[in-house]
Protein chains: 2
Amino acid sequence: MTKQGVDPATRTLELLWERIAAPTRGPKPTLTLDEIVGAAIEIADRDGLGDLSMRRVAEALGFTTMSLYRYLPGKEELVELMRDKAVGRPPAHRRDASWRAALQRWARADLEVHLKHPWLLEVEIRRPPFGPNHLAWLDAGLAAIEPLSLDPLVMLNTVLAVDSYVRGAARIRVGTSAEQRRSRATRQELARLYAGIFEQIVTDERYPALAKIVTAGVFDPAEKPIDEFEFGLDRVLDGVAAFVEP
Amino acid sequence: MTKQGVDPATRTLELLWERIAAPTRGPKPTLTLDEIVGAAIEIADRDGLGDLSMRRVAEALGFTTMSLYRYLPGKEELVELMRDKAVGRPPAHRRDASWRAALQRWARADLEVHLKHPWLLEVEIRRPPFGPNHLAWLDAGLAAIEPLSLDPLVMLNTVLAVDSYVRGAARIRVGTSAEQRRSRATRQELARLYAGIFEQIVTDERYPALAKIVTAGVFDPAEKPIDEFEFGLDRVLDGVAAFVEP
DNA sequence: CATGACTGTGTATACTGTACGCAGATTCGT
DNA sequence: ACGAATCTGCGTACAGTATACACAGTCATG
């Protein structure tokens, strides 16, 4: 598993699709790529991507750091494999559901994956989704709106738009829930803290429009009758609906 | 600038709003916080967040690494300051524009910021936007839809939804354009490469819905008549329109 | 003018990813 | 059956990271 002359992206592709021929000579490997990736995901889920190190992964498996490099060219490729394994398979498609219900289900599942693996959003996207699971998600999203029989290019961009929204919204949700864990405060306590900060900082002169929102008590932890994700998702789906049913 | 007992988030807040009283005794500082943050942004813009190190920032300024710690408690706070400085001020509000035109302008400017500073999307969000510039953006977004006189909570969530979409979409755009720079290939060349990979991997049995898209030539670099960002943005804005004008 | 406070620096520590070489194990060709 | 080839896992080494701490020089204030 040397780095050779191939570029990292192509190497990752080969690993994702297990294109490396298993050697016949020499001792059989004790570990598997999947075990390594799984251990790495556990660490990242628990302590974040920042605390993920080759040493920690190796220790979790009871091996030395360098042994991992027999399975992977480097950390970059490990993270890419983690990404595809972590997203897993998309929810099964229900043929009887409406396009809207199906796309909504898909979007919610997408959010859930990101809440389960918050570090997913910290990884820079370098290429289109070429991993088996990522492709399955894309396929599922397309299948959801297939009954609409849209132009293929429009189909793809519709799914991409929904996905963009979900990941953008997930980024906010993930951040706040991570901060909750870190600070060991409840949602209410944090909301109260934030409300206090807003009230201190946001003045009518500096931020007139925002000030109205703040004084209206939007950040007041007492009232919280809206699920931000669902609100936005409904708007996006409305937008799709308006496009296909003018 | 010791770390003291205060938590990092609060310390960041104090730095963002320059709440630290300048000391009277002792030599005057040679550097300013703003210079440090500016140098750091330049490095991150050029080489990415991964190549940003305290040493490189210090070297760029002609100082030693440790001197930076007289101005900042640590790297985490530096990145947070970089975030707020990088987003800058939002575009000025045009009072005569329709809410849709204003919100569209705002969203496009939001995208532009992220294309200019791609690393913005790699930073984990820990708290609501408390930086002066971030608050100004939020204020501008709210101002854009103020004529609609919506419920304050709905207003906030509408802006958040648009912002979520923009950042999600930006993440894709940023990734691909960064890969372009890295691989020193043109957009067309990369598109051709990707199309080839899709054709190899995406089979009708594994990914039936996606296969139809691929064979329809959607990834064909020859035709590219859609701006993905604008398409999705139009859907989102349509969704908002459907909500406010049923 | 001495005191106390502050700035910038040099050193030190505990990490990080990973290149390289080696010992032992396994399989192939003869 | 036996040598050669080849592969695994390990140990060492190196350059890079953030940052804690002590110290020398500098400046404003009592």
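So that the names make sense, note that chain A is the first sequence line, chain B the second, and so on, each numbered from 1.
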So does [X] get a side-chain nitrogen or oxygen closer than 4.0 Å to the phosphate oxygens (OP1/OP2) of [N]?
{"X": "A:Thr30", "N": "D:dG9", "value": "yes"}
{"X": "B:Tyr71", "N": "C:dG8", "value": "yes"}
{"X": "B:Thr24", "N": "D:dA28", "value": "no"}
{"X": "B:Ser67", "N": "C:dG8", "value": "no"}
{"X": "B:Arg55", "N": "D:dT17", "value": "yes"}

(message) Closer than 4.0 angstrom, basic N to acidic O: yes or no for B:Arg192 and B:Asp220?
(response) no

(request) Look at A:Asp34 together with A:Lys85 and state whether they make a salt bridge at an N to O cut-off of under 4.0 Å. (result) yes

Figure out the [atom1]/[atom2] separation between [X] and [N], and round it to whole Å.
{"X": "A:Leu61", "N": "D:dC10", "atom1": "CG", "atom2": "C1'", "result": "15 Å"}
{"X": "A:Met54", "N": "C:dC15", "atom1": "CE", "atom2": "P", "result": "18 Å"}
{"X": "A:Lys75", "N": "C:dA19", "atom1": "NZ", "atom2": "C1'", "result": "18 Å"}
{"X": "B:Leu72", "N": "D:dA20", "atom1": "CG", "atom2": "C1'", "result": "16 Å"}
{"X": "A:Ile20", "N": "D:dC7", "atom1": "CD1", "atom2": "C1'", "result": "15 Å"}
{"X": "B:Arg70", "N": "D:dA20", "atom1": "CZ", "atom2": "P", "result": "12 Å"}
{"X": "A:Leu78", "N": "C:dT16", "atom1": "CG", "atom2": "P", "result": "14 Å"}
{"X": "B:Glu59", "N": "C:dT9", "atom1": "CD", "atom2": "P", "result": "12 Å"}

(request) For A:Pro29 and for B:Thr65, locate the closest nucleotide of DNA chain D by heavy-atom distance; then report the residue assigned to the nucleotide nearer the 5' terminus. (result) A:Pro29

Shortest side-chain distance from [X], nucleotide among [options]:
{"X": "A:Thr64", "options": "C:dT3, D:dA18, D:dG11", "result": "D:dG11"}
{"X": "A:Pro23", "options": "D:dC7, D:dA18, C:dT18", "result": "D:dC7"}
{"X": "A:Arg25", "options": "C:dG17, C:dT7, D:dT6", "result": "D:dT6"}

(request) Tell me what B:Met66 touches on the nucleic acid: a base, only sugar-phosphate, or nothing, going by heavy atoms under 4.0 Å. (result) base

(message) So A:Leu52, base contact, sugar-phosphate only, or nothing? Heavy-atom distance under 4.0 Å.
(response) sugar-phosphate

(request) Flag the pair B:Leu156 / A:Phe219 as yes when at least one side-chain heavy-atom distance between them is below 4.5 Å, and no otherwise. (result) yes

(request) Rounded to the nearest 0.5 Å, what's the gap from CH2 on A:Trp106 to CG on A:Leu111? Could you check? (result) 12.0 Å

(request) If the plane angle is over 60° it's perpendicular, under 30° parallel, otherwise tilted; pick one for A:Phe198 and B:Phe130. (result) perpendicular

(message) Can you work out whether B:Pro27 or B:Phe63 has the more 5'-proximal nearest nucleotide on DNA chain C?
(response) B:Pro27

